[in-house]
Amino acid sequence: MKVLVIGGGAREHALCRSLSLDPQVTALHCAPGNAGIAEVAELHPVDALDGAAVARLATELAAGLVIVGPEAPLVAGVADAVRDAGIPCFGPSREAAELEGSKAFAKDVMAAANVPTARSYVCTTPEQIDDALDAFGPPYVVKDDGLAAGKGVVVTPDLAAARAHALACGRVVIEEFLDGPEVSLFAITDGETVVPLQPAQDFKRALDGDEGPNTGGMGAYSPLPWADPKLVDEVMDSVLQPTVDELRRRGTPFSGLLYAGLAITGRGVRVIEFNARFGDPETQVVLARLRTPLAGVLLAAAQGDLAALPPLNWRDDAAVTVVVASHNYPDTPRTGDPIEGLADVAAQDAPDAYVLHAGTRLDGDTVVSAGGRVLSVTATGTDLTRARERAYAALGRIRLAGSQHRTDIARAAAEAARD
Ligand code: AMP
Ligand code: GLY
């Protein structure tokens, strides 16, 4: 099978890595890709947001499966353009991707499907904003209604800061603060059958100890030794299946990857957000643990055949990924700095630890930084302690001027599992 992956971040590198190890995949293409993906796939300089251009490329390549990675092309209808060209596509339609594209739409779907989530108000005027902030009290949770690359959410005890963010957003969702550990649970669905993956936890704040601003994610691990073994079944029944059923009922079935961002509160599991695609950096650790070849699973989802798929096969190993971000991320990151040590990781740490590129590009023969999150180092091991030792050992071989990373990814979970 010839496969075309759309996107160019660490999530797409993780997808391409898994696909490159899948014997069913005879040719692997990616648009636009990055310097790391170029090692496993042929790159094409096609705009990921241009549905017509992506469909044309897929047709030219005679692709048997197209996978749309990031949310922006999904919300722009790129998966629809590919399907209209008669090519199986993994990724929801423009209408179904509104589950991520509009937080107000997601809240409406959850209310209709009786899915547990934070109480919320959708506000468009300063009066509504003040009333909603007043109704919930601190800490305030203020969310831009539209896509904001992980930066549209402000959680703060400071009323003035909450109000300023809300006023800057236009349409805004203000909601109840959810207290408790967060879990990301991904499910693959064809619009009817839902197949959950293994849960992961990501680290959204920039600095150790969950300090600093929200980011797109600074690291992740899986499995979650502290979580209730019944968690996945419970989320399937209370969140994932009802949501998929509700979207089908509305005539806009969701096929692709449904990402539930959850808070495990004292009163039970609550949905923090839905995404319409694989999460980054959780994908790096979830796919590191998936033994079932990936292409067949995604093709079954694209073709509505998931009910016939055998159960997924998982490694017992733990996986940890640590993101290396540029100087000044998540503000205005500095780019263009050379990245050294990549060959050392490939020589000394593979296959237990490896680098997945996010914002990188080739400058001549040199790999240089080209975005906020530059790369992530992913490692597996018999337990979280071993996996994180390997991830940080490999990370120590990489040199990028001014770069930053968290030193506490998976630390608390690894320590708790040892006690
Ligand atoms: P989102 O983009 O909706 O995932 O929000 C980004 C981050 O903000 C989440 O991962 C949480 O850490 C935090 N957050 C969002 N909504 C809430 C909430 N209702 N209560 C507490 N924290 C939240
Ligand atoms: N890990 C957060 C996200 O992908 O949105």
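Whatever order the structure lists ligands and atoms in, that order sets their numbers, starting from 1. Just so you know, these numbers use all the heavy atoms, side chains as well, and skip hydrogens, waters and symmetry mates.
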Exercise. Which pairs, with at least one residue in residues 34-55 and sequence neighbours excluded, count as a side chain to side chain donor-acceptor pair (under 3.5 Å)?
Worked result: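 Side chain to side chain donor-acceptor pair (under 3.5 Å) check on residues 34-55 returns His29-His44.
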For this session: Could you check if a side-chain atom of Arg373 sits within less than 4.5 angstrom of a side-chain atom of Pro281, using non-hydrogen atoms only?
Result: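 A side-chain contact under 4.5 Å exists here.
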Exercise. Does a donor on one side chain sit under 3.5 Å from an acceptor on the other, for Gln404 and Tyr329?
Worked result: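 Short answer, no.
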Problem set entry | Test item: side-chain donor near acceptor, Ser222 and Arg289, under 3.5 Å |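 On atom types as modelled, these side chains qualify, holding a pair under 3.5 Å.
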Problem set entry | Closest candidate by heavy atom, reference atom 12 (O) of ligand 1, pool Glu182, Lys103, Arg119 |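 Closest candidate by heavy-atom distance is Glu182.
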Proximity of [X] to ligand 1 by residue part, where a heavy atom lies under 4.0 Å:
{"X": "Leu178", "value": "both"}
{"X": "Lys143", "value": "side chain"}
{"X": "Asn214", "value": "side chain"}

Which atoms from ligand 2 have a heavy atom of [X] less than 4.0 Å away?
{"X": "Arg277", "result": "3 (C), 4 (O), 5 (O)"}
{"X": "Gly216", "result": "1 (N), 2 (C)"}
{"X": "Asn275", "result": "5 (O)"}
{"X": "Glu282", "result": "1 (N), 2 (C)"}
{"X": "Gly279", "result": "4 (O)"}
{"X": "Asp202", "result": "1 (N), 2 (C)"}

Exercise. Is Arg334 atom CZ crowded by more than 12 heavy atoms from other residues, nucleotides or ligands, each under 6.0 Å away?
Worked result: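 More than 12 within 6.0 Å, yes.
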Problem set entry | Geometric cation-pi criterion, Arg119 with Phe136: 6.0 Å, 45° |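 Relative to the ring axis of Phe136, which defines the angle, Arg119 lies outside at least one limit.
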For this session: Flag this pair as yes if the NZ/CZ of Arg277 is under 6.0 angstrom from the six-membered ring centre of Tyr259 and inside a 45 degree cone about the axis; otherwise no.
Result: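 That pair qualifies as a cation-pi contact.
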In ligand 1, which numbered atoms sit nearer than 4.0 Å to a non-hydrogen atom of [X]?
{"X": "Glu175", "value": "16 (N), 17 (C), 18 (C), 19 (N)"}
{"X": "Val141", "value": "16 (N), 17 (C), 18 (C), 19 (N), 20 (N)"}
{"X": "Phe177", "value": "20 (N), 21 (C)"}

Exercise. Among the heavy atoms of Phe278, does any lie under 4.0 Å from an atom of ligand 2?
Worked result: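 It does not; every heavy atom stays at 4.0 Å or beyond.
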For this session: Scan Glu273, Glu176, Glu175 and name whichever one has a salt bridge (charged side-chain N to carboxylate O under 4.0 Å, His left out) with Lys107.
Result: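 In the set Glu273, Glu176, Glu175, the residue that makes a salt bridge (charged side-chain N to carboxylate O under 4.0 Å, His left out) with Lys107 is Glu175.
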For this session: Kindly indicate, with the supporting measurements, whether the criterion side-chain hydrogen bond (donor to acceptor under 3.5 Å, both in side chains) is fulfilled by Thr385 and Arg418.
Result: CA-CA 8 Å; Thr385 298; Arg418 279 205 307 268; 2.7 Å; yes
Exercise. Would one find an N or O of Lys204, backbone or side chain, under 3.5 Å from an N or O of ligand 2?
Worked result: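 The answer is no, given that Lys204 and ligand 2 share no N or O pair closer than 3.5 Å.
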Problem set entry | Pairs where residues 375-419 contributes a residue and the test ring pair (Phe, Tyr, Trp, His ring centres under 6.0 Å) is met, not counting sequence neighbours |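 Passing the test, one end in residues 375-419: no pairs.
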